[in-house]
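Per chain, numbering begins at 1; letters A, B, ... match sequence-line order. All heavy atoms count here, side chains included; hydrogens, waters and symmetry mates do not.
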Amino acid sequence: MHEYQPSVIEPKWQQQWTQRGTFRMGRPSTKGKKYVLEMLPYPSGSMHMGHVRNYLLGDVYARYFRMLGYDVVHPMGWDAFGLPAENAAIKDGVHPATRTAQNIASFKAEIQTLGYSYDWDLEVNTSSPEYYRWNQWFFLKMLERGLVYRRFSKVNWCGESVKGSVPCNTVIANEQVKDGVCERCDSKVIDKNMPEWAFRITKYSQSLLDALDGLKEWPDRITSAQRNWIGRSEGVEADFAVEGSTEKIRVFTTRVDTIHGCTYVVVAPDHASVAKLTTPAQKAEVDAFVKKMAARSKTERTEEGVEKEGVFTGGFAINPFTRAKVPVWIANFVLSDYGTGAVMSVPAHDERDHEFAVKYSLPIVTVVHPDAKGPFTGEGAFTEDGVLVGSGEWTGKTSAEARTSMAAFLEKAGIGTPKVTWRQKDWGFSRQRYWGTPIPIVYCEKCDPERHGIPVPYAQLPVTLPEIKVEEVLTGKGEPPLAKVASWVNTTCPRCGGPARREAETMDTFVDSCWYFARYLSPHFETAPFDAEVAKKMLPVDIYVGGPEHATMHLLYFRFWTRVMKELGLCTVEEPVTRLITQGIVNGADGFKMSKRRGNGVAPSEIVKKFGADTARGYVVFAGPPERDFDWNDKAVEGIWKFLNRVWTLASDAHDQARGVTHEGPHTGKALEIRKIAHKCLKRTTEAIERLSFNTAIAGIMEAVNALYDPKQGLRELSTVEERAAMNEAVRLLSFILVPFVPHFANELAQAYGATSPLEEQSWPAYDPALVVDDVIPYAVQVMGKLRAEIMAPLAATEAEVRALAEANDNVKAAIAGKTVKKFVFVPKRLVNFVVG
RNA sequence: GCACGAGUGGCGAAACUGGCAGACGCAGCAGACUUAAAAUCUGCAGGCUCUUCAAUGGGCCGUCCGGGUUCGAUUCCCGGCUCGUGCACCA
């Protein structure tokens with residue numbers, strides 16, 4: 001055998017796989033399909049280690065399942081629209097399409113050096129009209145169903161640079177705002193009032209929430225993040241009459257049981273009733289406060305540490321239960337877009353109300369005691385459930401009882417209703433940028449004076465992005481770039497044929513990733529987003545691998561979209577993904593996130609060049625369990641390189657004697673030992689792969705190789721036919737076990753030992769059950785739970801026999817001498833324990 | 001504050017359903033080969049400690065802390081600490 005040379009064998013095998021179409025979807029299978037998917041990347045110029053790890057986790061499964069006989073779908077594509085290309089264009093004038101095409105080419109070339117088992121025939125590019133026309137199609141379908149609408153509202157505008165950040169200069173979704181800054185560029189997010197298009201995702205809040213219980217193979221942290229994000233809250237809405245007016249203030253509360261203790265009402269500064277509630281005497285103060293609040297963003301008004309502030313409107317409301325007159329205030333902490341924008345304040349039983357009441361000397365009335373014994377004696381508010389006091393006919397009832405019966409009372413009186421409120425808002429997806437999907441809407445003065453928007457007819461799709469002069473259109477300033485392209489924006493009205501203007505906004509790129517997993521299955525389908533027949537067979541995705549940072553964005557959006565696709569009859573599943581795997585981050589050797597600034601980055605291409613793709617792959621899976629972060633370690637990479645060479649040496653040294661040698665009949669002595677090592681390793685590795693424990697799979701292979709090397713056993717000196725045949729088999733099995741992790745290496749090994757086709761086209765081997773058990777096995781012997789000895793016993797030994805062997809051991813004898821054995825615990829094949837008195 | 005996750009040698013980690021804690025690897029130490037180094041191969045390796053010239057053999061402690069259940073707990077239960085993530089003046 002020649003020397004191990006990754007730079008020679010890796011391109012060779014990559015070419016083989018491509019030529020033979022080894023990884024194509026659609027092969028006949030009696031076992032069914034497995035759809036293995038990794039989150040599609042934004043094609044930046046080059047890969048980072050995170051990509052390598054992400055795709056590898058999918059690749060191990062894709063290869064493994066293929067060898068188990070499944071029809072495997074394993075596609076890759078490009079999330080090609082988006083801001084980086086557009087921002088770069090603003091800087092250097094290169095058209096986003098040009099740059100994107102270049103990036104895809106280089107990114108793809110790099111991905112291919114790692115030898116992933118992709119079916120490149122399924123490749124998808126979301127920035128191609130062939131793809132994004134279906135975004136537009138979905139938009140129109142959803143518009144028809146009332147799932148898309150235009151609203152005028154306060155939006156999150158990413159436009160204020162912080163510490164040199166480059167703002168996106170566009171609206172972003174709630175999901176993209178983290179702690180008041182843009183999750184993408186870290187610029188400050190400000191409130192802006194403007195029209196925008198939104199998806200009615202909240203129509204599915206309940207469904208999205210309920211189905212989380214069924215996503216048993218999703219990580220808890222993801223389902224829990226979605227649960228928090230959706231934020232279901234059960235309570236009631238109740239009307240407070242306004243004194244001296246027919247006006248009502250509707251409040252939302254989860255604690256209607258405390259309503260007898262409501263001593264004031266607070267509304268948001270931008271609540272619709274503020275003007276009507278305000279008395280002439282208070283007007284100046286209220287106006288000043290409202291103005292001051294309007295100047296601040298939601299984040300500035302509500303983030304932690306901001307002091308509660310409010311003013312009295314002069315108006316009063318009537319508590320519907322006590323008929324008491326309570327003052328109405330406005331305060332900074334009340335949000336107009338949650339609940340009804342008005343709250344009944346019960347300072348005795350809510351921390352926040354308590355703080356506000358103390359600050360402004362408002363009365364505090366206790367209406368709930370912790371229990372029948374008496375009042376709460378601690379500091380501040382008593383916020384838990386308890387027993388009602390001073391609450392009329394509800395006095396003496398528990399909080400839970402009171403909530404039910406008070407809700408019924410309100411409903412009967414026609415002044416309230418049980419109500420579920422959600423934290424999740426609709427998904428605003430208008431973006432004031434160029435490099436995205438044009439929204440297929442036109443505005444016609446004549447047909448649509450109120451500017452609701454007229455849908456572009458299906459027959460006119462796609463509405464393609466116009467050719468542009470980059471430096472004129474992509475300036476990063478002013479109105480949406482497309483509005484500057486007169487030849488494009490000016491069009492004719494599909495209804496009256498008169499002059500009209502196109503919608504100049506584009507869609508959030510998260511729209512693209514909502515359904516790409518279905519498009520992969522029929523990437524060039526022309527009459528619908530994808531072929532429903534194929535989708536029926538291949539969906540849902542069985543394994544989806546990606547980063548946990550998408551918990552409340554992509555992973556929520558595409559669940560929503562799948563529901564819509566089901567309603568449209570495009571697919572039969574409601575949930576897109578059965579099993580979700582979220583991989584941890586690969587940090588620099590210094591423990592910090594890899595970055596240019598720190599100079600702690602390790603480029604995959606460097607590692608491939610230095611050691612080959614297989615070493616890079618082997619290291620990344622061996623470094624730790626998939627979901628955990630790990631720090632890069634150059635030395636450990638070398639360790640994998642050494643390991644591969646050790647395997648190579650083993651196979652190489654045995655090659656001339658063992659290659660192709662077979663032996664029928666029983667193996668004995670060293671030959672049996674070799675076979676046992678190989679079959680045990682096969683069993684162990686298979687089980688490890690099944691439970692996503694790739695690092696221990698590698699460890700198991702290392703152990704087997706170490707055992708074959710062991711000089712005490714001398715297994716590498718092959719003197720008989722039996723031994724040669726056993727070694728031949730061992731190398732063959734090792735190459736199978738290795739192939740999901742280090743495919744080029746494994747195939748080269750197999751080929752040197754006579755394989756005529758790639759291992760991925762062969763079946764995953766089965767271990768021989770007779771070879772994975774030993775005749776004599778170790779037992780741990782405990783006395784009172786403490787380890788006292790280790791003994792060997794025959795596999796078939798009975799409890800009494802093992803006990804006799806244990807009692808014969810000197811250490812055990814000493815430990816139980818002079819004591820009576822009260823109990824003898826026997827765990828077959830593992831351990832015995834003497835309980836003595 | 002609420003929710004979720006994690007905490008094991010110098011380091012990355014393992015221990016599948018309550019059954020020998022630390023597999024495998026990195027770093028380390030020692031040895032073989034070599035003029036030498038690298039590479040390779042071999043051995044040692046949680047802490048403390050006892051017997052012994054030594055090899056070896058033994059004892060005690062040890063999986064964030066404190067309790068509990070159990071013959072036996074890294075694993076299950078209760079309470080707490082620390083770190084990470086999500087949500088958060090959400091009524």
Go through B:C4, B:C24, B:A91 for me and flag the one nearest to the A:S224 side chain. B:C4
Rounded to the nearest 0.5 Å, the CZ atom of A:F824 sits from the CZ atom of A:R803 at a distance of 5.5 Å
Between A:N706 and B:G25, does any side-chain N or O lie under 4.0 Å from OP1 or OP2? yes
Expressed in whole Å, how much space separates the C1' atoms belonging to B:C90 and B:C78? 32 Å
Work out how far the P atom of B:A55 is from that of B:G46, and round it to whole angstrom. 16 Å
Aromatic rings A:F382 and A:F376: how do their planes relate, parallel, tilted or perpendicular, breaks at 30° and 60°? tilted
Once you round it to whole Å, what is the distance between P of B:A27 and OH of A:Y619? 12 Å
Pairwise C1' distance for B:G80 and B:A88, with rounding to whole Å: 24 Å
Give the rounded distance in Å between these two atoms: CH2 of A:W632 and C1' of B:G25. 15 Å
Evaluate the ring planes of A:Y360 and A:W329, with Trp represented by its six-membered ring, and classify them as parallel (under 30°), tilted (30 to 60°) or perpendicular (over 60°). tilted
Cation over ring, A:R716 on A:Y709, under 6.0 Å and within 45°? yes
Select base, sugar-phosphate, or nothing to describe what A:A225 touches, counting heavy atoms under 4.0 Å on all strands. sugar-phosphate
Kindly say if A:R716 contacts the phosphate of B:C41, meaning a side-chain N or O under 4.0 Å from OP1 or OP2. no
Has A:R352 got a side-chain N or O lying under 4.0 Å from the OP1 or OP2 atom of B:C90? yes
Once you round it to whole Å, what is the distance between C1' of B:A88 and CG of A:D350? 13 Å
For nucleotides 9-22 of chain B, read 5' to 3', which letter fits each nucleotide if B means a protein heavy atom sits under 4.0 Å from the base, S means only the sugar-phosphate is that close, and - means neither? ---BSSS---BB--
d(A:W648 CH2, A:F745 CZ) to nearest 0.5 Å is 6.0 Å
Below 4.0 Å: OP1/OP2 of B:A88 and any side-chain N or O of A:R423: yes
Test item: side-chain donor near acceptor, A:N228 and A:R423, under 3.5 Å: no
Would you please confirm or rule out a distance under 4.0 Å between OP1 or OP2 of B:U40 and any side-chain N or O of A:N645? no
May I ask you to say what A:R646 touches in the nucleic acid, namely base, sugar-phosphate or nothing, with a heavy-atom cut-off under 4.0 Å? sugar-phosphate
Could you tell me how far apart A:D710 (CG) and B:A23 (C1') are, to the nearest whole angstrom? 16 Å
Verify the contact: side-chain N or O of A:S233 to OP1 or OP2 of B:A91, cut-off strictly under 4.0 Å; return yes or no. yes
Taking A:D590 for its side chain and A:N600 for its backbone only, find out whether a donor-acceptor pair lies under 3.5 Å. no
Does B:G43 have OP1 or OP2 sitting under 4.0 Å from an N or O in the side chain of A:K712? yes
Between B:C50 and B:G68, how far apart are the two P atoms, rounded to whole Å? 32 Å
So, is B:G7 syn or anti if syn means the angle is within 90° of 0? anti
Kindly say if A:K178 contacts the phosphate of B:C87, meaning a side-chain N or O under 4.0 Å from OP1 or OP2. yes
Mind checking if A:K642 touches a base, just sugar-phosphate, or nothing, with heavy atoms under 4.0 Å? sugar-phosphate
B:G7 and B:A13: how far apart are their C1' atoms, nearest whole angstrom? 14 Å
As an exercise, state the distance from CG of A:D257 to CZ of A:R403, rounded to the nearest 0.5 Å. 4.5 Å
With rounding to whole Å, what would you report as the distance between B:G47 and B:U63 at their P atoms? 15 Å
Can you check the distance between B:G72 and B:C64, where both ends of the measurement are the C1' atom (answer in whole Å)? 22 Å
Quick one: label A:R221 by what it contacts on the DNA or RNA (base, sugar-phosphate, nothing), any heavy atom closer than 4.0 Å. sugar-phosphate
